[in-house]
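Heads up: the structure comes next, in structure tokens.
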Amino acid sequence: MNVGLYASVRGLLAAQRAVDVASHNIANADTEGYSRQRAEQSAGTPMGYSPYGQVGTGVQIDAIRRIRDGLLDRQVRQESSPLGESMARAEAIGQIEDLLGEPGAGALSTKLAEYYDGWNKLATNPENYNLRIALRDTATELTTTFNRLYSDLQGLRQDLNDRIDTQIADINSKASQIADLNYQIGATIAAGQNPNDLKDQQDLLIEQLSMMVKLQAVEEGTSGMTNVYVAGDPLVMRTDAFGLNLAPINPLVDQSVINYSPTGLPAVITGGSLKGMLDIRNNVLAVLAPPAGEAGGLVFQLNSLAAQLIADTNALHTQGFGLDGTTTLNFFNGTDAGDIVVNQSITNLANGLDFIAAAANDPGTLAGGPGDNGMAQLIAQRRDALTMGGFAPAPPALAVPPNATFENFWKQELTNLAVLGQAANRSVTTQETVLASVKDRRDQISAVSTDEEMANVIRYQKAYAASAKLISTIDEMLDTLMNIRR
């Protein structure tokens, strides 16, 4: 009866611990990153009972283990990185498209068309002041649009810098938390316990990190600690965290570069939202001329368009004549999209409209008499001229012959941007589907089912009641035995 009583007590304790585990699962059913746990039981070590053989000693709790599939965890991290990159690219390109506002009444393509329409209308009546006012205003609106786009895109580039810096700080913070958890996990395992909840917290942090940067997580077999690497560089090594930092931007290169803090050398960022933001900032929105054979960034192309428009219009306008015989006057001042303006002499002086050189000849000559619209016609015709595409990105590359009008050049830039945006959005959709599928398979293994846990509680409750009933029965047997001795 001693063995039976011992076994019954162990049954009570085992059932009680199993209920505790089920209760913990139910309480954390909605906790992000939590993996359901299971109390693993086995028969206790039997006792020798000669001459009949061994007698069992009841049940024992071997361990409380979390139900987790390491392979699925790795797949989740692998699929999270490209999703984070695509989402960052899609979001940034969406912001760029919002800034451009194409198509629309205030869009650059609309203002370019209105600008050349203004010259074309002036050619019908070159001495008409209302048409000159309209041309001046549409040209001013065009330059204002150039200035606004340049400022907005530069602002977005700075915003991306700030977001990159913020995300690096978040990465470093998570790396420190993972290192701290490594210490706690190592200490818990050394004490002979399973750090289930600590491992869940760590896995969640690593999963969140994988959305930001492509990484590799390797768990040590004995200590239970997890080391995290980014392109071979350790971000977390046991209880030490090694961070990243955003290097100061070199204006000669104008690239956002992330350094690996321990060495000060550039870190290789091959995935995650960090890479997506770097690509948009350094490539899609690049300001400087690209290497030979590569496409220029949007800000570079915007500046190229403005610079060529300035040069093309001024080359003709300086050869024309205003109403008062004014000549050699630039129509535009400035060098690029950031500072292009209509010549202040035209916009600010009381007789500025007279300076618009619509005539091809001196109005004081017979050829330059009333109705001379030769220069207005020439400038209006530049709308259809192949003026763009002839830039040599960097020496010693040869210049490409001009192959596009101003408007078509800009439309092609918009098309290229739209293609990038569509590709990013498609990638987001694809990766979300793939990641959801992998997470669903993982949830089938690791997620808590409250119905299943409640069924377990009832099962363990009955086991507890059975053990308690057995103790009561043994107690009655002992009473009977004691009564016999009396």
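Predicted model, so just to flag it, every value in this text is computed and none were measured. Side chains included, hydrogens not; waters and symmetry mates left out as well; all remaining heavy atoms used. Positions are given from 1, in the same order as the sequence printed here.
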Does the side chain of [X] pick up a donor-acceptor pair with the side chain of [Y] at under 3.5 Å?
X	Y	result
Trp410	Glu102	yes
Arg17	Gln41	no
Tyr260	Asn245	no
Asp159	Gln95	no
Arg281	Asn161	yes
Thr405	Asp384	no

Quick check against the 3.5 Å criterion: does [X] have a side-chain atom that pairs as donor or acceptor with the backbone of [Y]?
X	Y	value
Thr110	Gly104	yes
Arg148	Leu99	yes
Thr166	Asp162	yes

Is [X] salt-bridged to [Y], cutoff N-O under 4.0 Å?
X	Y	answer
Arg74	Asp69	no
Asp197	Arg66	no
Arg38	Glu40	yes
Arg157	Asp152	no

Here the salt bridge (charged side-chain N to carboxylate O under 4.0 Å, His left out) pairs for residues 204-231, sequence neighbours left out, are Lys199-Glu219, Glu207-Lys439, Glu207-Arg442, Glu220-Arg238

Between Val438 and Leu72 the two heavy atoms that sit nearest each other are CG1-O, 3.9 Å

Closest non-hydrogen contact found for Ile340 with Thr143 is O-CB, 3.5 Å

Practice task
Evaluate salt bridge (Lys or Arg N to Asp or Glu O under 4.0 Å) for Asp170 paired with Arg163, printing each intermediate quantity in order.
Solution key: CA-CA 10 Å; Asp170 194 14; Arg163 287 160 61 186; over 6 Å; no

Parallel, tilted or perpendicular, judged at 30° and 60°: which one describes the rings of Phe332 and Tyr115?
tilted

To the nearest 0.5 Å, atom CG of Asn25 lies from atom CZ of Arg36 at 8.0 Å

d(Leu205 CG, Asp180 CG) to nearest 0.5 Å is 10.0 Å

- prompt: Should Asn28 and His24 be marked as a side chain to side chain donor-acceptor pair (under 3.5 Å) after you check the CA-CA gap, both sets of side-chain angles, and the distance that decides it?
  reply: CA-CA 6 Å; Asn28 287 280; His24 186 55; 3.3 Å; yes

By salt bridge (Lys or Arg N to Asp or Glu O under 4.0 Å), Glu97 pairs with (sequence neighbours left out) none

